[in-house]
Amino acid sequence: QRLFVGDQVIRINAESEEQIQLLQALETQEEWELEFWRRPVSTGLPVDVRVPRGSLEPVRSYLLAHDLPFSVLISNLQELLNEEKAEMERNQKL
Amino acid sequence: ELSTRSINFAAYHTLDTIYSWMDSLVAQHPGLVTKEEVGRSYEGRPMYVLKFSTGSDRPAIWIDTGIHAREWVSQATGVWTANKIATDYGSDASLTSLLNSMDLYLLIVANPDGYVYTHTRDRMWRKTRSVNPGSACRGVDPNRNWDAGFGGPGASTNPCSDSYHGPAAHSEVEVKNVVDLITSHGNFKSFISVHAYSQLLMYPYGYSCSHVPDQPELDSVGRAAAQKLASLYGTSYRVGNICNIIYPASGGSIDWSYDAGIKYSFALELRDTGRYGFLLPASQIVPTASETWLALKHIMEHVRDHPY
């Protein structure tokens, strides 16, 4: 089963068209293996990205370097998945 | 154990449990609900649609949930909605009149292979599970695979992408099964696809940013539906055509249905609390489904009252 230990989901609220373009550039950056849950489209919609643990540092640096405001939506994806799985197991027993 | 009375609607369930529960729903409402096999998935799983009908040769409404496997609150909303329709028929006057004049088809798990895969291998899986010849990556985005601007903007040619459109329109058997049913039926008046998450209520097009001829009416219906939805918990939706309120996305289901002559084509993106993404806690299934029902009902009532 695929694990997501330490992966984070980051929400970025772009404030300008220029920042949207910076995020769109990230989409083509294959090395960091980012998964866009919500793609950069316009300043009105937040952008959610799953960042693998190994890419957290460079991604954070990129966002900080370009003044892209972000917050952590999910701090450890696997923890949330474990909670969901445990809840399902409890429910099945019930 | 799996009676409609004992199933927990505030929980996520496996495909087997959902399919078994469908049988119990049919058993409890024999004059209203039937379970029909639409076809088989790529990996050979049956695709079941629940048909709510009180007569024959009627115009129909289509609702599918969970074409993207990981959007679990969609399938869960489908289960709750099916039960709501079955239990409210006969007591809710508006729903009763709707079902006395129209049929309703509800495909709760539109991508069964992907859904099973999210339970067993990769919770974050979105696509189908078909093999892509010449690639190590599997799966096609079933919402880029419809014959509506197929291969255009917002779809990927890369089989490893989550938005890979596939080798040809309707190449995915899960899509083809629905297309064949809708086409052979010939009298669908509304087509609604339910996704998660982003809190959007959308109408065609995604493959083009130009307005559809019915844009004013669809926009008006959509806005009123979103208002109804918000009346329960204040959940705010954006309303508009796919291209303008998200991004150009070709090969989408509701673009195909609209171009096939089904005017009232809508897509919903369900609740986003801003904390969980695709992992909305199960405790929020019922609130999500309850508010969504108000929007669905508004759209269906409009369809019933505006025959064409």
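Lettering of chains follows the sequences in order, A, B, ..., and the numbering in each one begins at 1.
- To the nearest 0.5 Å, atoms CG (D162(B)) and CZ (R39(A)) are separated by 11.0 Å.
- Between R2(A) and W125(B), every side-chain heavy-atom pair lies at or beyond the 4.5 Å cut-off.
- The line from CZ of R275(B) to OG of S71(A) is 11.5 Å long, rounded to the nearest 0.5 Å.
- Per-residue counts of heavy-atom pairs under 4.5 Å with chain A were compared for A282(B), G277(B), S198(B); the largest is that of S198(B).
- Residues I74(A) and Y276(B) share a closest heavy-atom pair of CD1-O, 3.6 Å.
- Heavy atoms of R238(B) lying under 4.5 Å from chain A belong exclusively to its side chain.
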Verdict with supporting geometry, L80(A) and F278(B), side-chain contact (heavy atoms from CB on, under 4.5 Å): CA-CA 11 Å; L80(A) 212 50; F278(B) 298 114; over 6 Å; no
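- For the residue pair M124(B) and E35(A), the shortest heavy atom distance occurs at O-OE2, 4.2 Å.
- Remark: E33(A) CD is loosely packed, at most 12 non-hydrogen atoms of other residues, nucleotides or ligands lying under 6.0 Å away.
- With respect to R11(A) and D272(B), a salt bridge is recorded, a charged nitrogen being found less than 4.0 Å from a carboxylate O.
- The side chain to side chain contact (heavy atoms under 4.5 Å, CB included) with R123(B) is formed by just one residue from the set Q1(A), E84(A), Q78(A); it is E84(A).
- Only the side chain of W72(B) comes within contact range of chain A, with heavy atoms under 4.5 Å apart.
- Taking the side chain as every heavy atom from C-beta outward, Y197(B) and D48(A) approach each other to under 4.5 Å.
- Distance CD/E71(B) to CH2/W37(A): 11.0 Å, rounded to 0.5 Å.
- Shown here for I246(B) and L45(A), the closest heavy-atom pair between the two residues is CA-CD1, 4.4 Å.
- Side-chain atoms of I245(B) and V41(A), non-hydrogen and from C-beta on, never get closer than 4.5 Å to each other.
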side-chain contact (heavy atoms from CB on, under 4.5 Å) between E87(A) and Y12(B), worked out: CA-CA 9 Å; E87(A) 190 182 1; Y12(B) 293 115; over 6 Å; no
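- Across all non-hydrogen atoms, the minimal contact from N91(A) to A11(B) is ND2-CB, 3.1 Å.
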